[in-house]
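All remarks here apply to the structure that follows.
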Amino acid sequence: MKRSGNPGAEATNSSVAGPDCCGGLGNIDFRQADFCVMTRLLGYVDPLDPSFVAAVITITFNPLYWNVVARWEHKTRKLSRAFGSPYLACYSLSVTILLLNFLRSHCFTQAMLSQPRMESLDTPAAYSLGLALLGLGVVLVLSSFFALGFTGTFLGDYFGILKEARVTVFPFNILDNPMYWGSTANYLGWAIMHASPTGLLLTVLVALTYIAALLYEEPFTAEIYRQKASGSHKRS
């Protein structure tokens, strides 16, 4: 899916760790403190639980899937020829992406529900924070979709459906790649609302997979638009 509105660039909680963690507050080592917090979170997680494994697989598979298929289409145009139109081919890919994303969200939720809650996160304040993050994520995702349009969101540039100019309206005027970070905020808010250490760890994985996807996507997308600009310059 598209992250950026720029077609050329395509774009520790002390109550958890406890006052004596890692030798006490008088002898703070931030790297060691972070390790203690991570260890505390991992103590709530069974990595061999089938629902957790399913969540990890879907989180890591989805960006790989849409990048591999989109690049294959850009190289071969086989989907466009099969459907008789790049638009229909793009729509077909979008349907599979949406279905896979629904599956990812379902697996994420099941992994949280199957594993313990963290009492220190199970508070009205934490729930309100999670709800706010979820709302922020929904706003970023939906506003990104409306700003980019359907084909702009679902990798239309890999199908030859190129945008004429950079998208600069909200939320692209305040944040790069708002759709990816909005999605990450959704998962983070959902995890906090469920007081779920499992959800927090899976959210970290979501963020890491999006960062990896951006490193993979942005140079390739920039090259697509560089070739477009070069072709336009030659014709002129």
- Note on the structure: Taking every heavy atom of Met179 against every heavy atom of Val141, the minimum-distance pair comes out as CE-O, 3.5 Å
- Query: Do Tyr225 and Leu214 share a hydrophobic cluster, counting only Ile, Leu, Val, Met, Phe, Trp and Tyr and linking them when any side-chain heavy atoms are less than 4.5 Å apart?
  - Reply: yes
- Query: Do you know the tightest heavy-atom contact between Phe108 and Gly199?
  - Reply: CZ-O, 3.4 Å
- Item | Interatomic distance, His74 atom NE2 to Leu79 atom CG [nearest 0.5 angstrom] | 13.5 Å
- Message: Count I, L, V, M, F, W, Y as connected when their side-chain heavy atoms are under 4.5 Å apart, and connections chain through other members. Are Leu113 and Leu188 then in the same cluster?
- Response: no
- Item | Separation between OG of Ser143 and CG of Leu175, rounded to the nearest 0.5 Å | 9.5 Å
- Message: Under a 3.5 Å distance rule, please check whether Lys78 uses its side chain to pair with a backbone N or O of Trp72 as donor and acceptor.
- Response: no
- Task: Could you check if a side-chain atom of Thr168 sits within less than 4.5 angstrom of a side-chain atom of Asn173, using non-hydrogen atoms only?
- Result: no
- Task: Kindly write out the residues that satisfy ring pair (Phe, Tyr, Trp, His ring centres under 6.0 Å) with Trp66, not counting sequence neighbours, or none if the list is empty.
- Result: none
Would you mind writing out the side-chain donor-acceptor pairs for residues 52-60 within the sub-3.5 Å range, not counting sequence neighbours?
residue : atom : partner : partner atom : Å
Thr58   : OG1  : Ala54   : O            : 3.1
Thr58   : OG1  : Ala55   : O            : 3.0
Thr60   : OG1  : Val56   : O            : 2.9
Thr60   : OG1  : Ile57   : O            : 3.2

- Check which hydrophobic residues are tied to Leu99 through side-chain heavy-atom contacts below 4.5 Å, counting indirect links as well, and list them. Val95
- Taking side chain as C-beta onward, heavy atoms only, is Pro197 less than 4.5 Å from Pro116? no
- Do Val68 and Phe220 share a hydrophobic cluster (ILVMFWY, side-chain heavy atoms under 4.5 Å, transitive)? no
- Message: So, using salt bridge (Lys or Arg N to Asp or Glu O under 4.0 Å) as the criterion, who are the partners of Asp49 when residues are at least two apart?
- Response: none
- Across all chains, not counting sequence neighbours, the side chain to side chain donor-acceptor pair (under 3.5 Å) partners of Trp181 are none
- Item | With sequence neighbours excluded, residues passing side-chain contact (heavy atoms from CB on, under 4.5 Å) with Phe150 | Tyr91, Ser94, Phe145, Phe154
- Query: When rounded to the nearest 0.5 angstrom, what distance separates CD1 in Ile161 from OG in Ser80?
  - Reply: 7.0 Å
- Message: Just verifying a value: how many Å separate Leu208 CG and Thr203 OG1, rounded to the nearest 0.5 Å?
- Response: 11.0 Å
- Message: Tell me every residue that passes side chain to side chain donor-acceptor pair (under 3.5 Å) with Asn186, counting only those two or more places apart in sequence or in another chain.
- Response: none
- For the pair Asp157 and Thr151, evaluate side chain to side chain contact (heavy atoms under 4.5 Å, CB included) and give the outcome as yes or no after the intermediate values. CA-CA 8 Å; Asp157 36 26; Thr151 57; over 6 Å; no
- Where do Lys163 and Leu148 come nearest, in terms of heavy atoms and distance? NZ-O, 3.2 Å
- Query: Do any N or O atoms from the side chain of Ser183 and from the backbone of Tyr180 form a donor-acceptor pair under 3.5 angstrom?
  - Reply: no
- Message: Using the salt bridge (Lys or Arg N to Asp or Glu O under 4.0 Å) criterion, which residues pair with Arg71? Sequence neighbours excluded.
- Response: none
- Would you please name every residue forming a side chain to side chain donor-acceptor pair (under 3.5 Å) with Arg81, sequence neighbours left out? none
- Task: Would you name the heavy atoms of Met112 and Ser196 that are closest together and state the gap between them?
- Result: CG-OG, 3.3 Å
- Linked, directly or transitively: Tyr65 and Leu205 (ILVMFWY side chains, under 4.5 Å): yes
- Query: Taking all non-hydrogen atoms of both residues, which atom of Pro178 and which atom of Leu140 are closest, and how far apart?
  - Reply: O-CB, 3.7 Å
- Query: So how far is it from Leu121 CG to Tyr44 OH, rounded to the nearest 0.5 Å?
  - Reply: 8.5 Å
- Message: Distance check, rounded to the nearest 0.5 Å: Leu93 atom CG versus Leu155 atom CG?
- Response: 6.5 Å
- Note on the structure: With sequence neighbours left out, the residues meeting side chain to side chain donor-acceptor pair (under 3.5 Å) with Gln115 are none
- Kindly state each residue pair satisfying side-chain hydrogen bond (donor to acceptor under 3.5 Å, both in side chains) with at least one member in residues 98-112, sequence neighbours excluded. Asn62-Asn101, Asn101-Arg104, Arg104-Tyr187, Arg104-Tyr210, Ser105-Tyr187, Thr109-Trp190
Could you list the donor-acceptor pairs under 3.5 angstrom formed between side-chain atoms of residues 122-138 and any protein atom two or more places apart in sequence or on another chain?
residue : atom : partner : partner atom : Å
Asp122  : OD1  : Arg117  : NH2          : 3.0
Thr123  : OG1  : Ala126  : N            : 3.1
Ser128  : OG   : Pro124  : O            : 3.0

- Do Val69 and Leu64 share a hydrophobic cluster, counting only Ile, Leu, Val, Met, Phe, Trp and Tyr and linking them when any side-chain heavy atoms are less than 4.5 Å apart? no
